[in-house]
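Chain naming here is simple, since letters A, B, ... match the order of the sequence lines and numbering starts at 1 in each.
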Amino acid sequence: MSNISAKKLNANFYKKDAKYVAKKLLGKILVRTVADKLLAAKIVETEAYLAHGDESCHASKGLTQRNKTMFFTGGVLYVYLIYGVHYCCNIVTGKEGEGEAVLLRAVEPIENIDEMFVNRFGEKEITDKKLLLLTNGPAKLCDALSITKEDDNTNLLGNNIYILDAPAISEDKIITTTRIGITKSVDLPLRFYIKNNPFVSKK
DNA sequence: TACTAGATCGGCT
DNA sequence: GCCGATCTAGTAG
């Protein structure tokens, strides 16, 4: 559909703290190129994982083989395997050595949706019901956009995976809640999503 | 609609 | 061994 003429977010965007970036990422366009196909989706739900005072952040226990990407300078992708089954995709933020990131929890499919269906369901047939289930969860969107451990540490300023700027979502359309699916630091208000967007993982 | 189990990898109490 | 930033299929009500 639409021609994507917007500009990539620059390196400075990602160097702010995770909480700030998590909110600013709402409404931006996540782009992934596989072979000659360009998949695009709007970010509608995020969660921040902080370097300090956040027990559920993977980096809170220090650097390990698995989480080392989180400690790089903001602007790379951190992908990890959860429950031995699914991948989750994060945007690393902050300065080098900090160890914080923004988890992408849900996106709204925009371009080459049939290709996303193939990636996730193994079929091109698009139905309204399945469309809502295509990318409304952190592991689902990784599936649909074909993001795996191979993509860990991908620089978002490159051409493989990147994020395009888009008009900011106004404050009154951003809902803030506690995060989902964690057992530590559960009370921190670090989940953000776009009000009334049908692709959000959970109200 | 609501809860439950199972899949299955890697890092660590 | 154990548990996790998840999802799906199955069962029960």
Between K28(A) and D165(A), is there a salt bridge with N-O shorter than 4.0 Å? yes
Quick one: side chain to side chain donor-acceptor pair (under 3.5 Å) partners of N160(A), sequence neighbours excluded? R32(A)
Less than 6.0 angstrom separating the ring centers of Y49(A) and H58(A), yes or no? no
Filtered N/O pairs between nucleotides 5-10 of chain C and protein, under 3.5 Å:
from   : atom 1 : to      : atom 2 : distance (Å)
dA5(C) : O4'    : Y49(A)  : OH     : 3.3
dA5(C) : N9     : Y80(A)  : OH     : 3.3
dA5(C) : N7     : S56(A)  : O      : 3.1
dA5(C) : N7     : H58(A)  : NE2    : 3.2
dA5(C) : N1     : N90(A)  : OD1    : 2.3
dA5(C) : N3     : Y80(A)  : OH     : 3.1
dT6(C) : OP1    : R105(A) : NH1    : 3.4
dT6(C) : OP2    : G181(A) : O      : 3.1
dT6(C) : O2     : H86(A)  : NE2    : 3.1
dC7(C) : OP1    : P138(A) : N      : 3.2
dC7(C) : OP1    : A139(A) : N      : 3.1
dC7(C) : OP1    : K140(A) : N      : 3.4
dC7(C) : O4'    : H86(A)  : NE2    : 3.2
dT8(C) : OP1    : R120(A) : NH1    : 2.9
dT8(C) : OP1    : R120(A) : NH2    : 2.8

Cation-pi check, K8(A) to Y162(A): give yes when NZ or CZ is under 6.0 Å from the six-membered ring centre and within 45° of the ring axis, no otherwise. yes
Under a 3.5 Å cut-off on both pairing distances, which runs of 3 or more consecutive Watson-Crick or G-U pairs involve DNA chain C? B:1-7 with C:6-12, B:9-12 with C:1-4
Pick one: which of I91(A), I163(A), L77(A) meets side chain to side chain contact (heavy atoms under 4.5 Å, CB included) with L104(A)? I91(A)
Which value, in whole Å, describes the distance between the C1' atoms of nucleotides dT8(C) and dG10(B)? 22 Å
Among the clusters formed by ILVMFWY side chains lying less than 4.5 Å apart, do L9(A) and L39(A) turn up in the same one? yes
Looking at R179(A), K184(A), K61(A), K19(A), which one forms a salt bridge (Lys or Arg N to Asp or Glu O under 4.0 Å) with D54(A)? R179(A)
Span that lies between the P atom of dA5(C) and that of dT13(B), in whole angstrom: 14 Å
With K149(A) as the cation and Y87(A) as the aromatic partner, state whether NZ or CZ is under 6.0 Å from the six-membered ring centre and within 45° of the axis. no
